[in-house]
Enquirer: 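Following this message is one structure expressed as structure tokens.
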Amino acid sequence: MNIILLGPPGAGKGTQAQHLVETRNMVQLSTGDMLREARTSGTDMGNKVAAVMDAGELVTDEIVIGLIREKLEAGNKGGGFIFDGFPRTLMQAVALEKLLEETGQSLDAAIELRVRDEALVQRILNRAVEAVAAGGEARADDNEESLRTRLMEYYKKTAPLLGYYFAKEKLQRVDGLADIPVVQASISAILDK
Ligand code: AMP
């Protein structure tokens, strides 16, 4: 099974993806994680996108599509892929379809984690505080200003994908504000259908 987790920043896509990796042998493809890794290792691409990410803007389609292409060509462990934070634009969605087709695969569902906007801001700011309390570092883009930009980018460029996948009869919705195990169960029910 190949699925997309859709939803604004802070909706819980990463948390849910992690659970699917642990329970279903799926492979998580998070373009955000790949980009952060590229930054940490100081690759040319990582250095190039750093400022864009910190500001909360989207990096170019070309870069993220390139990252996903590499991973799709490398294959999965049999459990399928979870696309987390990708696609974020219509162009990425079309590119994904083509890449899946080229590798003999298809998309089973795009699952939207629905969360009220007011709850998102609080969640993200809490995530920053928790990261620091745990002795780590908060993400550079987990601050109120970047978050506003990330939300705006989501509504301008990513939210149209909800209509796109609805029209393709791939869209499923779950309540992202429910407790984590409840969200996990809702997603499981979709995957088991
Ligand atoms: P995330 O971890 O998914 O919240 O992504 C963190 C940041 O990485 C985003 O705010 C963007 O700057 C960049 N990014 C991640 N995925 C994408 C994508 N699919 N398209 C464009 N930019 C992305």
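Along the sequence shown, residues carry numbers from 1. Indexing begins at 1, ligand by ligand and atom by atom, following the structure's order. Everything numeric in this text was worked out from a predicted model, so none of it was measured.
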Enquirer: Using a strict threshold of under 4.0 Å (side-chain N to carboxylate O), is an ion pair present between K193 and D108?
Expert: no
Enquirer: With side-chain hydrogen bond (donor to acceptor under 3.5 Å, both in side chains) as the test, would you mind laying out the steps for Q105 and T103 before giving the verdict?
Expert: CA-CA 6 Å; Q105 307 182 72; T103 49; 3.1 Å; yes
Enquirer: What's the verdict on side chain to side chain contact (heavy atoms under 4.5 Å, CB included) for R139 and R127, showing C-alpha distance, side-chain angles and the deciding distance?
Expert: CA-CA 9 Å; R139 277 172 52 166; R127 174 161 87 186; 3.3 Å; yes
Enquirer: Starting from the C-alpha separation in whole Å, work towards a yes-or-no answer on side chain to side chain contact (heavy atoms under 4.5 Å, CB included) for K13 and I82.
Expert: CA-CA 10 Å; K13 300 185 293 293; I82 310 153; over 6 Å; no
Enquirer: Are K168 and E97 close enough for a salt bridge, meaning some N to O gap below 4.0 Å?
Expert: yes
Enquirer: Run through ligand 1 for me and note each protein residue having a heavy atom under 4.0 Å from it, chain first, then residue number.
Expert: T31, G32, L35, R36, M53, E57, L58, V59, V64, G85, F86, R88, Q92, R139, D141, R150
Enquirer: Under the side chain to side chain contact (heavy atoms under 4.5 Å, CB included) rule, what do K157 and R88 come out as? Steps first, then yes or no, please.
Expert: CA-CA 7 Å; K157 299 174 183 165; R88 262 175 156 100; over 6 Å; no
